[in-house]
Amino acid sequence: MRPWERWAFNLVALAVAASGFAYFGMKYLIQPDDPFAVVNHPWQSAMLHLHVLASPPFVLVFGVILNSHIMKKLRATRIPNRKTGLASLGTFVVMILSGYLLQVATSEVWLQRLVILHVASSAVFTIAYGTHLVISYKLVRRPERATIREVA
């Protein structure tokens with residue numbers, strides 16, 4: 001993986017995660033003072049817009065690293081950090097599909113199910129990918145494994 005791909009993916013992943021969790025907190029965890037308020041927080045709409053606008057670049061850069069990093073690692077055997085990579089990949093797919101379906105679902109029951117699925121898969125993706133980055137960083141920094149740089 002080239003450095004620009006890593007930085008681009010990490011940047012858009014951070015933007016999507018931060019805006020998504022901020023929106024979640026504002027929509028579901030904050031109670032407005034005004035019982036007739038349309039939104040729970042003044043920044044709630046901005047966080048949703050940022051989340052929705054940052055998601056397509058996130059998917060685009062994922063497609064780039066799918067070719068340059070993920071497919072190579074899926075074909076390889078006995079590589080370090082495989083479990084967190086697979087967990088990230090699986091939850092990414094669920095997160096993206098549920099996010100897109102949230103945009104078109106009209107049934108209240110399906111909306112509730114998709115929100116739960118999207119939030120849960122997003123939380124697991126964030127944890128798995130964060131762990132993947134930490135382990136990769138530690139593997140690259142090991143002095144006795146100078147060739148491991150290609151793995152991360």
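We find the OG-NZ distance between S45 and K27 to be 9.5 Å, quoted to the nearest 0.5 Å. Atom CG of residue L114 and atom CG of residue L101 lie 5.5 Å apart, to the nearest 0.5 angstrom. Atom OG1 of T131 sits about 9.0 Å away from atom CG of N81, to the nearest 0.5 Å. Atom CZ of R113 sits about 8.0 Å away from atom OG of S107, to the nearest 0.5 Å.
Considering every non-hydrogen atom in both H118 and G99, the closest pair reads ND1-N, 3.4 Å. Residues K73 and R82 approach most closely at O-NH1, 2.9 Å, considering heavy atoms. Heavy atoms only, all atoms of each residue included: S88 and A128 are closest at OG-C, 3.4 Å. Here the closest non-hydrogen pair linking E5 and V61 is O-CG1, 4.0 Å. Residues V39 and P32 share a closest heavy-atom pair of O-CB, 4.2 Å. The minimum heavy-atom distance between M47 and S19, with the atom names listed, is O-CB, 3.7 Å.
A continuous path of Ile, Leu, Val, Met, Phe, Trp and Tyr side chains, each step under 4.5 Å between heavy atoms, connects I96 with V16, placing both in one hydrophobic cluster. Residue V12 is grouped with residue I70 when hydrophobic side chains (ILVMFWY) are merged at heavy-atom distances under 4.5 angstrom, including chains of intermediate members. The hydrophobic clustering, which links ILVMFWY residues whose side-chain heavy atoms are closer than 4.5 Å, places W43 and I30 together. Cluster membership check: L14 does not share its hydrophobic cluster with V119, using side-chain heavy-atom separations under 4.5 Å among Ile, Leu, Val, Met, Phe, Trp and Tyr. Hydrophobic clustering (side-chain heavy atoms under 4.5 Å, transitive across Ile, Leu, Val, Met, Phe, Trp, Tyr) groups L133 together with F9.
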Test side chain to side chain contact (heavy atoms under 4.5 Å, CB included) on Y23 and V52 and set out the steps. CA-CA 11 Å; Y23 175 72; V52 170; over 6 Å; no
So Y129 and F92, ring-ring contact (aromatic ring centres under 6.0 Å, His included) or not? Walk me through it. CA-CA 9 Å; Y129 184 65; F92 180 86; 9.3 Å; no
Let's go through L89 and F62 carefully: what are the C-alpha distance in whole Å and the side-chain angles of both, what is the deciding distance for side chain to side chain contact (heavy atoms under 4.5 Å, CB included) to 0.1 Å, and is it a yes or a no? CA-CA 10 Å; L89 177 62; F62 175 81; 3.6 Å; yes
Please step through side chain to side chain contact (heavy atoms under 4.5 Å, CB included) for the pair F58 and H51, ending with a clear verdict. CA-CA 10 Å; F58 184 44; H51 187 67; over 6 Å; no
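Between L74 and L86, the closest side-chain pair of non-hydrogen atoms falls below 4.5 Å. You'll find the side chain of L102 stays beyond 4.5 Å of the side chain of W110, heavy atoms only. You'll find the side chain of T126 reaches within 4.5 Å of the side chain of F21, heavy atoms only.
Evaluation of the ring-ring contact (aromatic ring centres under 6.0 Å, His included) rule for F24 yields Y28 as partners, not counting sequence neighbours.
The backbone N or O of I65 sits nowhere less than 3.5 Å from a side-chain atom of H69 that would complete a donor-acceptor pair. Within the 3.5 Å criterion, the main-chain N or O of Q31 finds no donor-acceptor partner in the side chain of N40.
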